[in-house]
Amino acid sequence: MSVMRWEHFPHEADMGIRGIGNTRDEAFEQAALAMTAIITDPTQVKAVEKVEITRQAPDDELLLVDWLNALVYEMATRKLLFGRFEVHVKDHTLTARAFGEPMDFTKHHMVVEIKGATYTALRVAQESNGEWVAQCIVDV
Amino acid sequence: MDIALFARHTDYEWEIAPQGTMRVPAIIYADETLIRAMDHKVYEQVCNVATLPGIVKASYAMPDAHWGYGFPIGGVAAFDPHEGGVVSAGGVGFDISCGVRCLHTGLNTEDVMAAQKMLADTLYREIPAGLGSTGGIRLNQSEMDAMLLGGAAWAVKKGYGNVADLDHIEEHGQMRGARPDYVSEHAKKRQRDEMGTLGSGNHYLEIQKVAQLFDTKTASVYGIRENDVVVSIHCGSRGLGHQIGTEFLKEMVMAASLYGITLPDRELACAPINSPLGEKYLGAMRAAINCALANRQILTHLVRDAFSQVIPKARLPLLYDVSHNTCKVEEHVVDGRVRKLYVHRKGATRAFGPGHPDIPDVLRPVGQPVLIGGSMGTGSYILTGAAKNEALSFSSACHGAGRAMSRHQAYKTWKGRQVIDDLAARGILIRSPSGRGVAEEAPGAYKDVSAVVDAAEAAGLARKVARLEPLVCIKG
């Protein structure tokens, strides 16, 4: 059974995002979806463009923040929204593909732009029930 | 927070004595109600800041303090480079030099209300606001570097606003020591089409009426009377600042152990002021300050243009421009000795008292204007720096109301349309590309800004000059 899901959790000024999955890769993918959901409804974003992202960091947590900040950068500079992600993490290296489409003011209800993913409430871990969790606060 | 955790010095000054690895005490300025309402994370964060190398006197939090990143929002801390002091990318934050600018209009409430809808629509058309919006300016490499060196002074040279504006901006509109060559290509690329944009989240542009004066003498020096109308702009350094914050946070986290710094929280990422990384960050951060100053200067030009379309007689000279996410080198008297310190203000406003040489001539006798943003419904304040605040907070005061409720909860509680209709019924017009964004910024999601400024005044940080009420709000 798939446990893949994402959720938001409260922070006093901003927003917490949490991805949950059977694997670390899935948790990273779901965390990215949780971040998209702050901006817009991810189910309304079509996968017509693909962006490849590679990042390295000394540990999983720094890698999560790097991954999310890479997406923030790609969204900001390409004016894209992403709705689907494929992530592979191996040996502190993340290789990923993000699928999405150009921002369309007539179609996407966009709420807020993200300034950056932070190290606050940052956690990447496998829980005792086997589920992987990847979470942090994002500054909006 | 539990008030038993504090030694109460006065009704408005609460101290945490050094414990564990804290090098100095932590001090929060607030009344008991505000303290009790603060998240316990503020306590943890203000104590964590007190552990950083070279911190001077105390780690401070202003009355609007809330849970931030590393530093609390509303945090103030000064570091001495001669004592191993650090500069912290986390202590400045992502939105470097985010701030508030206030313009006179020369109009009164009746003038503006007669054209309220047209002003709202014209401003909304002319001011790029919200996610994905772009400005009308594209900067090539050399212009980008010139902007990062020149700040608002660059913008004036390019025809946005006039030279008279510059005296009414901190640093005279141009932060010295900026190093565009320390700003990454990624950061510059992110800014390429974002000059003259408002951004989103809690950023706004408001037409406000002066609803109440508390200090007519100071108000008269500031050039404001009851029933006057002003325009306030709240925004920062846009994508460039966010990218610089992101990149240096990581670099400082990874370098901390090399510098022998133990971080109680990775978000406190910092480097010695006297280190290659510290110097690099300071150069890039100062470039981002110039980006924010240039951005607010361009927005000022757009506001003036919009007003002239609707009310040709309107003139909008600048009252003042403050930044509330910065690290600045300032001289402060500590224990009878003048020391050059690196003062971090994260969600806190510089608030120089009367006579300070960095205040423009015309305002110097009364103290620096301190511009406090509120919420869409409750209003804002203009304060003035208090004479004795140097000893209390390195001449700092609060910056806004502070959130009382998370965005998550606010979105669940309100609908954007309802918030807009309720405010319209009270005579406040909202224009925003995002209904959900409006819901997340609903007035009820913020603390009572009056309680915050009352505490700032009672604590001796700043004095109240005027209360402003919104008439039109362009919400990013």
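None of these values were measured; they are calculated from a predicted model.
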Who among [options] has the most heavy-atom pairs with chain A under 4.5 Å?
| options | result |
| --- | --- |
| B/His203, B/Arg238, B/Glu194, B/Lys41 | B/Arg238 |
| B/Thr134, B/Val438, B/Ile73, B/Asp193 | B/Asp193 |
| B/Lys250, B/Gln243, B/Glu247 | B/Lys250 |

(message) Quick test of your reading of the model: are B/Arg403 and A/Asp14 salt-bridged, counting only N-O distances below 4.0 Å?
(response) no
(request) Answer yes when A/Asp41 and B/Arg436 have at least one side-chain N-carboxylate O distance shorter than 4.0 Å, and no when they do not. (result) no
(request) Determine the option with the most heavy-atom pairs under 4.5 angstrom with chain B, choosing from A/His11, A/His8, A/Glu61, A/Met103. (result) A/His11
(message) Shorter than 4.5 Å, heavy atoms on both sides: which option in A/Val112, A/Thr118, A/Leu122 has the most such pairs with chain B?
(response) A/Thr118
Chain B heavy atoms under 4.5 Å from [X]: which part of the residue, side chain, backbone, both or neither?
| X | result |
| --- | --- |
| A/His109 | neither |
| A/Ile114 | backbone |
| A/Asp104 | neither |
| A/Lys79 | side chain |
| A/Met110 | both |
| A/Pro10 | both |

(message) Test: salt bridge (Lys or Arg N to Asp or Glu O under 4.0 Å). Region: residues 24-40 of chain A. Which pairs qualify, not counting sequence neighbours?
(response) A/Arg24-A/Asp60
(request) Answer with side chain, backbone, both or neither: which region of B/Gln191 has an atom nearer than 4.5 Å to a non-hydrogen atom of chain A? (result) neither
(request) Check each atom of B/Met254 against the heavy atoms of chain A and say whether the ones under 4.5 Å are side chain, backbone, both or neither. (result) side chain
(message) Show, in sequence, the C-alpha distance, side-chain angles and deciding distance for B/Arg190 and A/Val72, and conclude whether the side chain to side chain contact (heavy atoms under 4.5 Å, CB included) test is met.
(response) CA-CA 10 Å; B/Arg190 209 167 147 182; A/Val72 169; 3.3 Å; yes
Could you grab the distance from atom [atom1] of [X] to atom [atom2] of [Y], nearest 0.5 Å is fine?
| X | Y | atom1 | atom2 | answer |
| --- | --- | --- | --- | --- |
| A/Tyr119 | B/Leu249 | OH | CG | 5.5 Å |
| B/Ser133 | A/Phe105 | OG | CZ | 6.5 Å |
| A/Tyr73 | B/Ser184 | OH | OG | 7.5 Å |

(message) If you compare all heavy atoms of B/Leu131 against all heavy atoms of A/Glu113, which two are closest, and at what distance to 0.1 Å?
(response) CD1-CB, 3.1 Å
(message) Could you tell me if the side chain of B/Arg266 sits less than 4.5 Å from the side chain of A/Leu62, heavy atoms only?
(response) yes
(request) Can you check whether anything in residues 133-140 of chain A gets within less than 4.5 Å of chain B, heavy-atom wise, and list it by number? (result) A/Ile137, A/Val138, A/Asp139, A/Val140
(message) Has A/Thr120 got a side-chain atom pairing as donor or acceptor with B/Tyr69's backbone, closer than 3.5 angstrom?
(response) no
